[in-house]
Number of protein chains: 4
Amino acid sequence: MSEPIKMIDEMFDFDEGLTEKQKRILAAAIESFAEKGYAATSTSEIAKKAGVAEGTIFRHYKSKKELLLTIVAPMMAKLVAPFVIKDLNKVLNQEYENFEEFLKAMIENRAKFLKNNMPLFQILMQEIPFQPELKEQFKEHIGAKVIERFRTVVEHYQGKGQIIELPPFSIIRFTVSAIFGLLATRYLLAPDADWDDEEEIQRTVQLLMHGISVGR
Amino acid sequence: MSEPIKMIDEMFDFDEGLTEKQKRILAAAIESFAEKGYAATSTSEIAKKAGVAEGTIFRHYKSKKELLLTIVAPMMAKLVAPFVIKDLNKVLNQEYENFEEFLKAMIENRAKFLKNNMPLFQILMQEIPFQPELKEQFKEHIGAKVIERFRTVVEHYQGKGQIIELPPFSIIRFTVSAIFGLLATRYLLAPDADWDDEEEIQRTVQLLMHGISVGR
Amino acid sequence: MSEPIKMIDEMFDFDEGLTEKQKRILAAAIESFAEKGYAATSTSEIAKKAGVAEGTIFRHYKSKKELLLTIVAPMMAKLVAPFVIKDLNKVLNQEYENFEEFLKAMIENRAKFLKNNMPLFQILMQEIPFQPELKEQFKEHIGAKVIERFRTVVEHYQGKGQIIELPPFSIIRFTVSAIFGLLATRYLLAPDADWDDEEEIQRTVQLLMHGISVGR
Amino acid sequence: MSEPIKMIDEMFDFDEGLTEKQKRILAAAIESFAEKGYAATSTSEIAKKAGVAEGTIFRHYKSKKELLLTIVAPMMAKLVAPFVIKDLNKVLNQEYENFEEFLKAMIENRAKFLKNNMPLFQILMQEIPFQPELKEQFKEHIGAKVIERFRTVVEHYQGKGQIIELPPFSIIRFTVSAIFGLLATRYLLAPDADWDDEEEIQRTVQLLMHGISVGR
DNA sequence: GATGAATGAGATTTCATTCAT
DNA sequence: AATGAATGAAATCTCATTCAT
């Protein structure tokens, strides 16, 4: 249990006002939601796992739904944080010589992040389709901001003649799919398999850059 | 409502013994499960939507869970059908001259299939993580069979010198990610966007084959 | 318990579709609401008293509030029924020679009605201030219709020179107060006292007509 | 909020030891109890409205019930105060020449009182049927004392030949009904209507004295 | 086969009250 | 005195499932 609580601190660090019990509630909720899904997790179960009275949950969160949103909303923000202006400037300011390096850095960064926050990410993925609030936030954050920023990057490297001249949106979709597919396989589908993470990331970048056909 | 029922017929055609009411129950369940999730859908809701009495559902399906499995199990089979021996032989028997053509054909085929069965696919995706029976079936079908077959294909074209010499599993993951990403974006994330399906598939295949870097 | 159930039949006679259990629920709810008030009565208490499972209540009434309204709404209608056009015409068609006779008949009629429906009347009185829906209905029925009709009667007898020429509304208020005071005292405040009902109604009519001062 | 607090001071003046917070609690409780009823008002609601912590309420009042009684008990005493010996003697000592003047004075006095204490009066009316302690106090004060005193007055004026020779209890009931009906209509049913209070009281007294029939 | 009333276990939520600070 | 986190009992409500008709 001490592990999730540490993660809680990272994730909710801005909320310094968290009681010890509140943290235990969050940790328990995250664990259960990830394991059985939001709808199939009962608040009494969470209370028991957290070692608090059921009423205590509702003293801090008006409803079970609010508990879910409290858990999942900051995750969404952090997930796309590297795409906010500040971080992004590193790219545009030539911090990365070419798109390949940029890709590799980004994948490594997000892989580390997901590794530390798998349960939260699972909950997010599972619940987005069913919670209109989340869908809304997702569209706003990902759809509007991230894609926009990503496009800037792609166009930047297209301008430098490093990336093929296809519609940026197609390139983004293709790139994100490869990354997402890598991470999902690594952490969700086959977390127990033998992985050489470095190597697999390297291969993915290579495939992204040059495709699967035998080059010439 | 008549649309889903037609789909029901396609999907459950082998079960010719389906009553009109049974079809209505299946259609209603599919619609609700896809929209709100299995756990958040009540049987009484399904009954109302199907226009039958609550008890009638349980006359045909021993439990709510059985109803879910009835719905989702054939979907899984059909989803991977093209990878069973018979169809696959077409590939190996040179039906497709090169991997690129094979890819294109496969994507088009599966895209059509998903288009006709989106709600079922959604339910499958949502519930696999939570239903051990499904997880089991999925591993067996996809993990065991499909990957195995796909590997055969990859190795086949590697042997012909058309595909790069990386571990087949990495190539499969990369390829499947691109396809899955395309279809998910097309049918789940942005079903209402303006799409030139032909074109987008063409681009995806091109990217898969040659990557995003400016080739030479 | 058989007594309230008979009353239920009278009150809800139009709803022929009432299950035996539904009737028992209504009877139990009426008894408890009257005795302890709506807010202080729990649904589990009602279920126990009615001898049904708690869920059964909610199968028939979506919420506790709906149960209350189901009980109380028809009461309101019946309470003011004698003032609907048809009955009222008897008055205007000289069925009653003078206002005194009209008054006496009306009081006797409503007294009998209340006697048979005391608990319902109590609930109505108690809950009107707190339930906006009831307040609304009350205003519509009493405020709009009854007062209007009553005014017609008063003006009718004013025209015949039998009633003093004061504003009808003041006369109505005064008359209704006297009647309401009589009935409330008789059935709510001192139901166990020794009453000669005939006589007391007679006295009330006399006081209404001639006041308390020594006439001349 | 300052208004109710002023009223608190009037009502609870004898309890000089009231903290600012205590006053705020009382004011909040009165407001909520009157509006939603005792049972439907939560202590946390009162605390919020009063701007104090939940625990603070229980520091001053052992329980929610005690808070109610604290509020309502003095109201009952004040409501019937004019009927205690001292005030009553004014009547018997010919302070009022005739019953009519007495009536008018009394109505005016009680009307003013109610006007200043409507919420308290409402609470009293609503809760008497459900709180045995209140019922008891009410019977003792009203039933025993007030009626007794009122009977003395009535018999006094009957002796002087000013009031008709009917059973005093009937006369009291009739008179009180008229007064209560006037005040309830004025302050509860239609507080927003256009009222000429003077005039309406005058009319009520007239009707009480001479009835509604055309006198001779 | 079909119905829908009934169930009872359990889910979410409320709330008066206590208590450590 | 005051706070407000915590409690746990109880309240309202939901729902998969059964069963008599």
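Small disclaimer: the values here were computed from a predicted structure and weren't measured. Throughout, a chain's letter reflects where its sequence line sits, starting with A, and its residues are numbered from 1.
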What is the separation between atom [atom1] on [X] and atom [atom2] on [N], rounded to the nearest whole Å?
{"X": "D:R24", "N": "F:dA1", "atom1": "CZ", "atom2": "P", "result": "15 Å"}
{"X": "B:E66", "N": "F:dT17", "atom1": "CD", "atom2": "P", "result": "10 Å"}
{"X": "C:L67", "N": "F:dC13", "atom1": "CG", "atom2": "P", "result": "10 Å"}
{"X": "B:I46", "N": "E:dT3", "atom1": "CD1", "atom2": "P", "result": "15 Å"}
{"X": "A:F58", "N": "F:dT12", "atom1": "CZ", "atom2": "P", "result": "16 Å"}
{"X": "B:L68", "N": "F:dC15", "atom1": "CG", "atom2": "C1'", "result": "17 Å"}
{"X": "A:K62", "N": "F:dA5", "atom1": "NZ", "atom2": "P", "result": "14 Å"}
{"X": "D:I25", "N": "F:dG4", "atom1": "CD1", "atom2": "P", "result": "13 Å"}

### Distance (rounded to the nearest 0.5 Å) between B:I30 CD1 and B:Q122 CD
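Those atoms lie 11.5 Å apart.
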### Task
With rounding to the nearest 0.5 Å, note down the distance linking CZ in A:F33 to CG in A:L120.
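Reported to 0.5 Å precision, the distance equals 11.0 Å.
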### Task
Go ahead and name the base partner of F:dT21; Watson-Crick or wobble counts if both distances stay under 3.5 Å, otherwise write none.
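Pairing partner, where one exists within any strand: E:dA2.
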### Query
Mapping A:S63 and D:T43 onto DNA chain E by nearest heavy atom, which one lands closer to the 5' end?
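Mapping each residue to its closest nucleotide by heavy atoms, the 5'-most match is A:S63.
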#### Entry: Minimum side-chain heavy-atom gap C:I123-C:L68 below 4.5 Å
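They are in contact (side-chain heavy atoms under 4.5 Å apart), so the answer is yes.
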### Query
Of the nucleotides E:dT12, F:dA16, F:dC13, which one has an atom closest to the side chain of B:K64?
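When the side chain of B:K64 is considered, F:dA16 is the closest of E:dT12, F:dA16, F:dC13.
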### Message
For B:E136, is the CD atom crowded, meaning more than 12 foreign heavy atoms sit under 6.0 Å from it?
### Response
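Result for CD/B:E136: open.
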Please list, for nucleotides 6-10 of chain F, all pairs of protein and nucleotide N/O atoms separated by less than 3.5 Å.
from: F:dA6; atom 1: OP2; to: A:H60; atom 2: NE2; distance (Å): 2.6
from: F:dA6; atom 1: O3'; to: A:K21; atom 2: NZ; distance (Å): 3.2
from: F:dA6; atom 1: N7; to: A:R59; atom 2: NE; distance (Å): 2.8
from: F:dT7; atom 1: OP1; to: A:K21; atom 2: NZ; distance (Å): 2.8
from: F:dT7; atom 1: OP2; to: A:A53; atom 2: N; distance (Å): 3.2
from: F:dT7; atom 1: OP2; to: A:T56; atom 2: OG1; distance (Å): 2.5

